[in-house]
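Structure first, then comments.
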Amino acid sequence: MTTSVRIDDLDREILNTLMHDARTPYAEMAKKFNVSPATVHVRVEKMRAANIITGTEVVINPKLLGYDVCCFIGINLNAARDYHSALAKLNELDEVVEAYYTTGAYNIFVKLMCKSIEELQYVLIDKLQAIDEVQSTETLISLQNPINRNVKP
C-alpha cells in the first residue's frame with residue numbers, strides 16, 4: 001500500500017508551477033512565493049526524495065509527428081496467469097503508449113497511437129491479436145481529448 005506524504009501550501013505552489021513549466025527557475029519561484037531560492041531547492045529535493053516528483057518529461061504533440069489516431073483497446077486474456085507474458089509482449093509494441101491492469105470487462109486496457117486507420121488495422125490484426133495470450137479485444141477510437149491534466153497537488 002502506498003503511504004500518502006504530507007505537503008504544505010508552499011509545496012503545492014511549487015508543484016503547480018513545475019507542472020505548468022518544469023523549466024521555471026528556482027529563483028523565479030522564490031521571488032513569486034517570497035522565499036529564498038535555497039528554500040525552493042530544498043522543497044523540490046524533499047519532494048523528489050519522497051517520490052512525489054518522480055522526474056521531468058518533454059511533452060510532445062503527437063499530431064504534429066503524424067500520429068492522427070488515438071485509441072483505447074480492452075484486452076481479454078485466455079487466463080489470468082497470462083498477464084505477465086502478455087504485458088511483456090505488449091511492451092514490445094511501439095504503438096502501445098500506456099497499459100493498465102484493470103478490473104471489470106477487460107484484463108488489460110491499453111492506449112495506442114497510430115499514424116492512420118490502416119496502421120491501426122495492421123497493429124490490431126498482425127501484432128496485438130497475434131499475441132497468443134490475447135483471447136479478444138475491443139477497440140474504442142478517440143475523437144478528441146478535451147481534458148488532459150495531472151492530479152491537483
Side-chain angles (χ1 to χ4, degrees), residues 1-77 80 83-120 122-124 127-128 131 134 137-153:
M1 179 181 241
T2 305
T3 304
S4 181
V5 177
R6 291 183 158 247
I7 61 174
D8 63 16
D9 289 341
L10 177 58
D11 293 328
R12 284 184 189 82
E13 290 294 337
I14 291 169
L15 285 173
N16 281 322
T17 301
L18 292 174
M19 287 166 48
H20 177 72
D21 183 357
R23 298 178 301 169
T24 305
Y26 291 174
E28 184 179 317
M29 284 189 277
K31 188 175 181 179
K32 180 178 177 183
F33 305 135
N34 201 27
V35 297
S36 72
T39 297
V40 173
H41 175 77
V42 166
R43 294 296 187 104
V44 169
E45 290 306 314
K46 175 189 83 169
M47 290 187 282
R48 281 192 178 126
N51 283 324
I52 293 170
I53 298 174
T54 59
T56 56
E57 63 184 27
V58 172
V59 179
I60 62 168
N61 183 335
K63 290 222 179 262
L64 293 179
L65 295 177
Y67 291 90
D68 288 329
V69 179
C70 172
C71 69
F72 299 91
I73 301 176
I75 300 171
N76 289 309
L77 301 175
Y83 171 70
H84 294 291
S85 57
L87 191 61
K89 292 174 183 177
L90 289 167
N91 194 40
E92 293 176 11
L93 303 180
D94 290 336
E95 297 84 2
V96 175
V97 296
E98 293 179 30
Y100 300 89
Y101 188 40
T102 60
T103 63
Y106 310 109
N107 301 113
I108 301 173
F109 204 69
V110 297
K111 178 180 176 181
L112 251 71
M113 295 295 296
C114 296
K115 293 188 174 185
S116 66
I117 292 294
E118 292 79 15
E119 181 184 9
L120 172 60
Y122 168 74
V123 170
L124 283 172
K127 292 183 174 184
L128 203 146
I131 295 173
V134 172
T137 63
E138 181 177 357
T139 304
L140 307 165
I141 295 176
S142 172
L143 301 176
Q144 61 177 229
N145 182 204
I147 299 173
N148 184 10
R149 61 180 168 226
N150 280 314
V151 297
K152 188 173 180 173

Separation between [atom1] of [X] and [atom2] of [Y], rounded to the nearest 0.5 Å:
{"X": "R6", "Y": "I52", "atom1": "CZ", "atom2": "CD1", "result": "12.0 Å"}
{"X": "I73", "Y": "L128", "atom1": "CD1", "atom2": "CG", "result": "5.0 Å"}
{"X": "I108", "Y": "L87", "atom1": "CD1", "atom2": "CG", "result": "5.5 Å"}
{"X": "R12", "Y": "M19", "atom1": "CZ", "atom2": "CE", "result": "12.0 Å"}
{"X": "L112", "Y": "L140", "atom1": "CG", "atom2": "CG", "result": "11.5 Å"}
{"X": "N145", "Y": "C70", "atom1": "CG", "atom2": "SG", "result": "7.0 Å"}

Next item on the list: Flag the pair E13 and K32 as a salt bridge only when some basic side-chain nitrogen lies within less than 4.0 angstrom of an acidic carboxylate oxygen.
Entry: no
Note to self: Taking side-chain hydrogen bond (donor to acceptor under 3.5 Å, both in side chains) as the definition, give me every residue that meets it alongside N61, ordered by chain and number, with sequence neighbours left out.
What the structure shows: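 In terms of side-chain hydrogen bond (donor to acceptor under 3.5 Å, both in side chains), with neighbours along the sequence ignored, N61 is linked to no residue.
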Considering all heavy atoms of both residues, which atom of [X] and which atom of [Y] are nearest to each other, and what is their separation?
{"X": "N76", "Y": "A105", "value": "OD1-O, 2.7 Å"}
{"X": "R43", "Y": "D11", "value": "NH1-OD1, 3.0 Å"}
{"X": "T24", "Y": "L18", "value": "O-CD2, 4.4 Å"}
{"X": "S36", "Y": "A30", "value": "C-CB, 3.5 Å"}

Notebook entry, point to check: After noting the C-alpha distance and the side-chain angles of F33 and T17, does the key distance pass the side chain to side chain contact (heavy atoms under 4.5 Å, CB included) rule?
Noted result: CA-CA 11 Å; F33 305 135; T17 301; 3.3 Å; yes
Next item on the list: Go through the structure and list residues passing salt bridge (charged side-chain N to carboxylate O under 4.0 Å, His left out) with E45, not counting sequence neighbours.
Entry: R48
Check: Hey, what's the ring geometry for F109 with F72, parallel, tilted or perpendicular (30° and 60° as the breaks)?
Finding: parallel
Item checked: Audit row: V123, C114, side chain to side chain contact (heavy atoms under 4.5 Å, CB included) steps and yes/no -> CA-CA 9 Å; V123 170; C114 296; 4.2 Å; yes
